[in-house]
Visitor: 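Quick one: this structure, given as structure tokens, is what I'll be asking you about.
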Amino acid sequence: MSARPPIRVLLADDHTLVRRGVRLILDGEPDLTVVAEAGDGAEAVAAARATQADLAVLDVAMPRMTGLQAARELSRRLPELRILILTMYDNEQYFFEALKAGACGYVLKSVADRDLVEACRAAVRDEPFIYPGAERALVRSYLDRLHGGGGLPERPITEREEEILKLVAEGHTSKEIGELLFISAKTVERHRANLLQKLGVRDRLELTRYAIRAGLIEP
């Protein structure tokens, strides 16, 4: 009987050294092979479509498009693709957002050498991978709902507004944002005005501060 082909992995992180280290871990396993790398979420979406990867491993904080935004986009475009979030953030909000975005696992970079390979194999078997701290978060969330606490708070802005907020905070012009998102500069300006009104802020500086607090860009 012929051996199964290795799992084809797309790796996305904006830090080259991190990608190099993670690649060494994955390529050291006979059943895993990194077929593409990306430096931001937008590159990851394009690479996933071009390489027919089985699994995407995405960092959370990346330029142009975060790992969570990329996960949402990939879940819509490539429903068969399995997605793992690899992050430095031991953060309940990110964890639940990752699951909501279509990820089947959440791995902390601090223990990637211990957990990542197992998480990749679990993802391809269509099994969730949860790091130990997240189990407590899940139980707490269940108990909150059980006692009428509700789920996560609703996001104050839409996914499209979040994409535009991130790009504005990174210093892109309306024209550049329009080209990246395939919409007109006028539409970008309308979204930007809505963001200012919704978030109760006055200018790009305050939008940038909000984007940092929301984890869309790094300070």
Visitor: To the nearest 0.5 angstrom, please state how far the CZ atom of R125 sits from the SG atom of C104.
Guide: 11.0 Å
Visitor: Any chance you could measure M88, atom CE, to H15, atom NE2, to the nearest 0.5 Å?
Guide: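 M88 atom CE to H15 atom NE2 measures 8.5 Å (nearest 0.5 Å).
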Visitor: Donor-acceptor pair, D13 side chain versus L58 backbone, under 3.5 Å?
Guide: no
Visitor: Ignoring hydrogens and angles, tell me if any N or O in the side chain of T208 forms a donor-acceptor pair with the backbone of R204 under 3.5 Å.
Guide: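 Yes.
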Visitor: Okay, side chain of S75, backbone of A101: is any donor-acceptor separation there less than 3.5 Å?
Guide: yes
Visitor: Evaluate the side-chain proximity of E161 to L165: yes if any heavy-atom separation is below 4.5 Å, no if none is.
Guide: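 No, side chains not in contact.
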Visitor: Around K175, counting heavy atoms of other residues, nucleotides and ligands shown, do more than 12 lie under 6.0 Å from its NZ?
Guide: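 At most 12 heavy atoms, drawn from other residues, nucleotides or ligands, come within 6.0 Å of this atom.
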Visitor: Using a distance-only test with no angle check, is there a side-chain donor-acceptor pair under 3.5 angstrom linking Q69 and E159?
Guide: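 No.
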Visitor: Hydrophobic clusters here meaning ILVMFWY residues chained together by side-chain heavy-atom distances under 4.5 Å, can you tell me if L116 and L108 are in one?
Guide: no
Visitor: Following the transitive rule for hydrophobic clusters with a side-chain heavy-atom cut-off under 4.5 Å over Ile, Leu, Val, Met, Phe, Trp and Tyr, establish whether L11 and L81 coincide in one cluster.
Guide: no
Visitor: Looking at E162 and T158, would you say the former's side chain and the latter's main chain have a donor-acceptor pair under 3.5 Å?
Guide: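 No: the side chain of E162 does not pair with the backbone of T158.
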Visitor: Strictly below 4.0 Å, N to O, side chains only: are R19 and D14 in salt-bridge contact?
Guide: no
Visitor: For the residue pair L181 and I164, establish whether any side-chain heavy-atom pair is separated by less than 4.5 Å.
Guide: yes
Visitor: A side-chain contact here means heavy atoms from C-beta on lying under 4.5 Å apart; do V107 and I85 qualify?
Guide: no
Visitor: Is any side-chain N of the basic residue among K186 and E189 closer than 4.0 Å to the acidic one's carboxylate O?
Guide: no
Visitor: Without swapping roles, check the side chain of D203 against the backbone of E206 for a donor-acceptor pair under 3.5 Å.
Guide: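 Flag set: sc D203 to bb E206 pair under 3.5 Å.
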Visitor: Give a yes or no on whether L86 and I7 share a hydrophobic cluster (residues Ile, Leu, Val, Met, Phe, Trp, Tyr; joining criterion: side-chain heavy atoms under 4.5 Å apart).
Guide: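 Yes.
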Visitor: Hey, what do you get for CD1 (I25) to CZ (R20), rounding to the nearest 0.5 Å?
Guide: 14.0 Å
Visitor: Please answer whether the main-chain N or O of R8 pairs with a side-chain N or O of D54 as donor and acceptor at a distance below 3.5 Å.
Guide: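 The answer is yes, because a donor-acceptor pair under 3.5 Å joins these two groups.
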Visitor: So R4 and D31, salt bridge (charged side-chain N to carboxylate O under 4.0 Å, His left out) or not? Walk me through it.
Guide: CA-CA 8 Å; R4 291 180 63 182; D31 58 333; over 6 Å; no
Visitor: Sub-3.5 Å donor-acceptor pair from the side chain of K166 to the main-chain atoms of L216, do we have one?
Guide: yes
Visitor: What is the minimum heavy-atom distance between E73 and R76, and which atoms define it?
Guide: OE1-NH2, 2.9 Å
Visitor: Identify whether I177 and I157 are in the same connected component of the hydrophobic contact network (ILVMFWY, side-chain heavy atoms under 4.5 Å).
Guide: yes
Visitor: Checking the side chain of E176 only, and the main-chain atoms of T173 only, is there a donor and an acceptor separated by less than 3.5 Å?
Guide: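 Flag set: sc E176 to bb T173 pair under 3.5 Å.
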Visitor: Should R121 and E127 count as an ion pair when the cut-off is N to O under 4.0 Å?
Guide: no
Visitor: Go through it in stages, so that I can follow the logic: the residues are I83 and L55, the test is side chain to side chain contact (heavy atoms under 4.5 Å, CB included), and I'd like the CA-CA distance, side-chain angles, deciding distance and then a yes or no.
Guide: CA-CA 6 Å; I83 299 168; L55 172 68; 5.9 Å; no
Visitor: Flag yes if L84 and L10 sit in one hydrophobic cluster, no otherwise; membership is Ile, Leu, Val, Met, Phe, Trp, Tyr, and two members link when side-chain heavy atoms are under 4.5 Å apart.
Guide: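 Each belongs to a different hydrophobic cluster.
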Visitor: With heavy-atom distances below 4.5 Å as the criterion, would you say the side chains of L196 and R202 are in contact?
Guide: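 Of all side-chain heavy-atom pairs linking R202 with L196, none is under 4.5 Å.
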Visitor: Does R77 reach the side chain of V45, with side-chain heavy atoms less than 4.5 Å apart?
Guide: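 Answer yes - side chains close enough.
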Visitor: Less than 4.5 Å apart, side chain to side chain, heavy atoms only: is that true for Y89 and F95?
Guide: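 No. Closest side-chain heavy atoms not under 4.5 Å.
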Visitor: Check the pair V9 / V35 against side chain to side chain contact (heavy atoms under 4.5 Å, CB included), numbers first and verdict last.
Guide: CA-CA 6 Å; V9 182; V35 295; 5.9 Å; no
Visitor: Say you draw a straight line from CG of N194 to CZ of R160; how long is it, rounded to the nearest 0.5 Å?
Guide: 13.0 Å
Visitor: To the nearest 0.5 angstrom, please state how far the CD1 atom of I217 sits from the CZ atom of R64.
Guide: 15.5 Å
Visitor: Which heavy atom of A211 sits nearest a heavy atom of A169, and at what distance?
Guide: CB-CB, 3.7 Å
Visitor: Considering all heavy atoms of both residues, which atom of L68 and which atom of A98 are nearest to each other, and what is their separation?
Guide: CD2-CA, 3.6 Å
Visitor: Could you tell me if the side chain of R209 sits less than 4.5 Å from the side chain of V201, heavy atoms only?
Guide: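 No, their side chains stay 4.5 Å or more apart.
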Visitor: To the nearest 0.5 Å, tell me how far T87 OG1 sits from Y94 OH.
Guide: 7.5 Å
Visitor: Under a 4.5 Å cut-off applied to non-hydrogen side-chain atoms, are D40 and P63 in contact?
Guide: yes
Visitor: Can a donor-acceptor pair be found, under 3.5 Å and without considering hydrogens, that links the side chain of E43 to the backbone of G39?
Guide: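 Yes, because the side chain of E43 sits within donor-acceptor range (under 3.5 Å) of the backbone of G39.
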Visitor: Is the CD atom of E179 crowded by more than 12 outside heavy atoms at less than 6.0 Å?
Guide: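 More than 12 within 6.0 Å, yes.
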